[in-house]
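Sequence lines set the chain letters: A, B, ... in the order given, protein chains first and strands last, and positions in each chain run from 1.
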Amino acid sequence: MSSETEQPDPNTYNFAAIEAKWPSVWDRLGTFTPADDGSRGRRYVLDMFPYPSGDLHMGHAEAFAMGDVVARYYRQQGFDVLHPIGWDSFGLPAENAAIKRNAHPAEWTYTNIETQANSFRRYAISVDWSRRLQTSDPEYYRWTQWLFLRFFEKGLAYRKDHPVNWCPRDQTVLANEQVVNGACERCGSVVTKKTLNQWYFRITDYADRLLDDMEQLEGHWPERVLAMQRNWIGRSAGAHVTFTIEPADGQPERAVPVFTTRPDTLHGATFFVVAADSELASDLVTFDHAAALSTYLEQVKSLTDIERQATDREKTGVFTGRYAVNPLNSELLPVWAADYVLSDYGTGAIMAVPAHDQRDLDFARAFDLPVRMVVDTGDEDPAVTGTATTGDGTLINSGELNGLPKEQAIARAIELVTLQGTGEQTVNYRLRDWLLSRQRFWGTPIPIIHCSDCGEVAVPDDQLPVTLPENLRGEELSPKGTSPLAAVEEWVNVPCPQCGGDARRDTDTMDTFVDSSWYFLRFVSPHLTDAPFDSDAVNRWLPVGQYVGGVEHAILHLLYSRFFTKVLYDLGLVSFTEPFSALLNQGQVLNGGKAMSKSLGNGVDLGEQLDRFGVDAVRLTMIFASPPEDDVDWADVSPSGATKFLARAWRLGTDVTSNPGVDPAGGDRGLRSITHRMVADSAALLQNNKFNVVIARLMELVNATRKAIDSGPGGEDPAVREAAEAIAVVLSLFAPYTAEDLWERLGHQASVASAGWPTVDEGLLVQATVTAVVQVQGKVRDRLEVAPDISEEELRELALATDQVKRTLDGREIRTVIVRAPKLVNIVPR
RNA sequence: GCCCCAGUAGCCCAAUGGCAGAGGCAGGAGACUUAAAAUCUUCACAGUGUGGGUUCGAGUCCCACCUGGGGCACCA
């Protein structure tokens, strides 16, 4: 290119030159290190930390641009801002890469982290680099283990045998939250079930608080995230009612509770169903029916979760040979085993009320079981229509519940079973305990030692961290269904901390979501060596004032972090119960209406975009494209337009000829008014995360300033300097390089990032005259230029006197006149 | 099936219940230029997904529906 040999023009915007100039200056000034001295209000702004999978991509560019706008805004407003960054650096991709390259996962991980860190520096996110952390550092995971042991002590971490989700490709278990439509959310393989002994966190103990505390987040978190969490927790109120299973075939009587949300329909129960794959089913089944059950079970187990969950599937099941006694009317109900009843929800058994539950009705019709209507909803008999009725109505065929409306009947039925001692009011949740152990290498080792005499023994705190062996390579890490750690004899075999006898380390590692459930606390005191975090400092800075990240974490990470925070609150380690006061979900970056992907070949490389348009232009484009929570389609936006705008803004610096510090009071009032309105509006817009509109306001002001220079009062007018300086400060939130350079060209010292938000002169927000709209019956008929402080009376008189109004009214009588001084009059004729 | 969100100009998007347009992209015209790029000036384009309702007045509030996106789903 010939431009390489040409002398650069100092009055031409050259983003590459500007990008080279400022980072070292910012480092020297320490602009982004919080003082934490109490002299200013504190704000904690956090982006969800990245996973180090290669270099940064367009999605990172959007999310981190958003978080940076917020951090930079609070700094301009005079707050002491904590804005850190780190890496969520444990996880499967590193392990898979290591297997492929015959290397250790750390190599791939830390190389990628350096790459990303360099890209973040180039991208000019305003973070305090001294707080950087990696969850795969022993100094970090030592405290993940320490926290695990506190959970363990409280009984919140426990092991149990249970059928779990198993990913056959990744050869590891998955949490419920990681299974999407019956497939592994990471690799897409169809998930199978396996009964294994695994570690769990007792998150279900916190279900109520996780639900109830959402009240604090209402209005500050996106409604859909709250809705998703509510859905996920799935609280339903109802009752436990215990049915007695009659003895049969030499088998004893047995009491089996069911969960129901409709105890009012107890008299409508015509059969009883237990989950086919539950222990209960095999316990109950009589000798005569055992063979049928086991055949059925074979058939059920051959189905994948996806097949099993298809809602339009025909109902299947087998009779167990047993009968249950309805506690309210002593009727005998046949007990069936079926796969439409889930073994791990409720009690794994239900009373079937076919008239008022569609699933039960489908089953009744398939097996020719009786249907008895007990709530008269005014609809036709479900036995005839095949449609169960679930609405409100009056109880019938129900003994002493007869005549009651549904809600009262529910309450009365609960009373009855409670008095009888056969039931009680209760609440059930869809949420299950959090399965946290993984049979993989690259994660936090579970700090437990298994001793044949002492059982599960915690590794003593002073022996933490339990570090990962460093000598494993390639194939030694490949998934075998048990953790690769199990094969490392010298690592596994240790004396029991309690009795000193031979014992073995737990060889599983933790789900990486454990690592990320507390990193926001570690950032406050990242180098602390005797505790996971400094509680006083944490209580000073948290909860996080603004959390920014993708909606893909709406349930997983956010629910787990909320759970951790509540447990830490109960342990007295933090003084708040919700970690993130406000949440902003940025949209996705698409290309041509679709998510960028290799298979579609529509990927856009971030580095290339930065080279072509400059960092500031890419940041500006991301923010300006749409409201933060909407998707950005890269095919619809114009980074070159952003570069042009930045050049326009930057060139103002060349044309401002007054000196820094000049009093703007005598400057052009029109321009001053636009400047002050932009500054005032921007502050309000930023509070509401309307970043895209702030940029539109900035563009407006740049246009007005240009006009003032070229065809108005000229570049020497102090109002022009005032405007240009305001532009530099507000622009610094979005385009830090350009803003810094403009600020320098305006004769100021770095850094514009700490220049302070411009003070708004309220007097300049008031316009000399405003346009009042005169309507007749809601239709605009005339406009009047009036003083902004005109009285309602005056305006009314003026409006009624206009020719347009007289002509439109045409002698009609006036019913009312609505006056909203100084902007509007609406005259309503009879 | 249930729940949440969104539909404004060719496109991306603005608009405390008060004149539908702030900003940008793409497009037309012009100035500058030998020419082009860059820059500057300027212009056009919709009545707000559909149907009702509330109101003096609805893009905005309410109801129903349509379309698109997302979540949950054999959860008793």
Choose from [options] the nucleotide whose nearest atom is closest to any side-chain atom of [X].
X      : options             : value
A:M228 : B:G71, B:A76, B:A22 : B:G71
A:R651 : B:G24, B:A76, B:C40 : B:C40
A:R224 : B:C56, B:U41, B:C4  : B:C4
A:S638 : B:C25, B:C74, B:C56 : B:C25
A:R648 : B:U39, B:A76, B:G71 : B:U39
A:R430 : B:C72, B:C56, B:C40 : B:C72
A:E700 : B:A22, B:G23, B:U41 : B:A22

Who pairs with [N] - Watson-Crick or G-U, where each distance is under 3.5 Å:
N     : answer
B:U39 : B:A31
B:C45 : none
B:G10 : B:C25
B:C2  : B:G71
B:A76 : none
B:C56 : B:G18

Inset, instruction - Give the minimum heavy-atom separation between A:E62 and A:G587, together with the two atoms involved. - result: OE1-O, 2.6 Å

Inset, instruction - Compare side-chain N and O positions of A:N703 against OP1 and OP2 of B:C40 and report whether any pair is under 4.0 Å apart. - result: no

Inset, instruction - Using only side-chain N and O atoms of A:Y345, determine if any of them is under 4.0 Å from OP1 or OP2 of B:A76. - result: yes

Legend entry - Donor-acceptor side-chain pairing of A:T738 and A:D616 below 3.5 angstrom: yes

Inset, instruction - Indicate, with a heavy-atom threshold strictly under 4.0 Å, whether A:R235 touches base, sugar-phosphate, or nothing. - result: nothing

Inset, instruction - With heavy atoms under 4.0 Å as the rule, sort A:S640 into base, sugar-phosphate or nothing. - result: nothing

Provide a list of protein-nucleic acid N or O atom pairs under 3.5 angstrom, restricted to nucleotides 29-33 of chain B.
none

N/O donor-acceptor pairs under 3.5 Å from side chains in residues 217-228 of chain A, not counting sequence neighbours:
residue : atom : partner : partner atom : Å
A:E218  : OE1  : A:R230  : NH2          : 3.3
A:W221  : NE1  : A:F580  : O            : 2.8

Let me have the donor-acceptor pairs involving side chains of residues 618-625 of chain A, under 3.5 Å, with sequence neighbours excluded, atom names and distances please.
residue : atom : partner : partner atom : Å
A:R619  : NE   : A:F734  : O            : 3.1
A:R619  : NH1  : A:D68   : OD2          : 3.2
A:R619  : NH1  : A:Y123  : O            : 2.8
A:R619  : NH1  : A:A124  : O            : 3.1
A:R619  : NH2  : A:D68   : OD2          : 2.7
A:T621  : OG1  : A:A617  : O            : 2.6

Legend entry - Results of salt bridge (Lys or Arg N to Asp or Glu O under 4.0 Å) for A:D655 - residues two or more places apart only: A:R706

Inset, instruction - Apply ring-ring contact (aromatic ring centres under 6.0 Å, His included) to A:W336 and list each qualifying residue two or more places apart in sequence or on a separate chain. - result: A:F319, A:F363, A:F367

What are the atom names and distances for every N/O pair under 3.5 Å that joins the protein to nucleotides 46-49 of chain B?
none

Protein N or O to nucleotides 17-21 of chain B N or O, pairs below 3.5 Å:
residue : atom : partner : partner atom : Å
B:G18   : O6   : A:R820  : NE           : 3.4
B:G18   : N2   : A:Q775  : OE1          : 3.2
B:G18   : N2   : A:N826  : ND2          : 3.2
B:C19   : O2   : A:R783  : NE           : 2.5
B:C19   : O2   : A:R783  : NH2          : 2.5

Sequence neighbours excluded, which residues qualify as side-chain hydrogen bond (donor to acceptor under 3.5 Å, both in side chains) partners of [X]?
X      : value
A:N231 : none
A:R235 : A:D208, A:D212
A:T643 : none

Taking the [atom1] atom in each of [N] and [M], what is the distance between them to the nearest angstrom?
N     : M     : atom1 : answer
B:A15 : B:G51 : P     : 25 Å
B:C56 : B:C72 : P     : 45 Å
B:A58 : B:U67 : P     : 28 Å
B:U8  : B:C13 : C1'   : 9 Å

Inset, instruction - Specify the glycosidic conformation (syn or anti) of B:G10, with syn defined as within 90° of 0. - result: anti

Inset, instruction - Strictly below 4.0 Å, heavy-atom distances to any atom of RNA chain B: list the hits from residues 263-276 of chain A, or just say none. - result: none

Legend entry - Contact pattern, 5' to 3', of nucleotides 7-15 of chain B - B, S or - by protein heavy atom under 4.0 Å: ----SSSSS

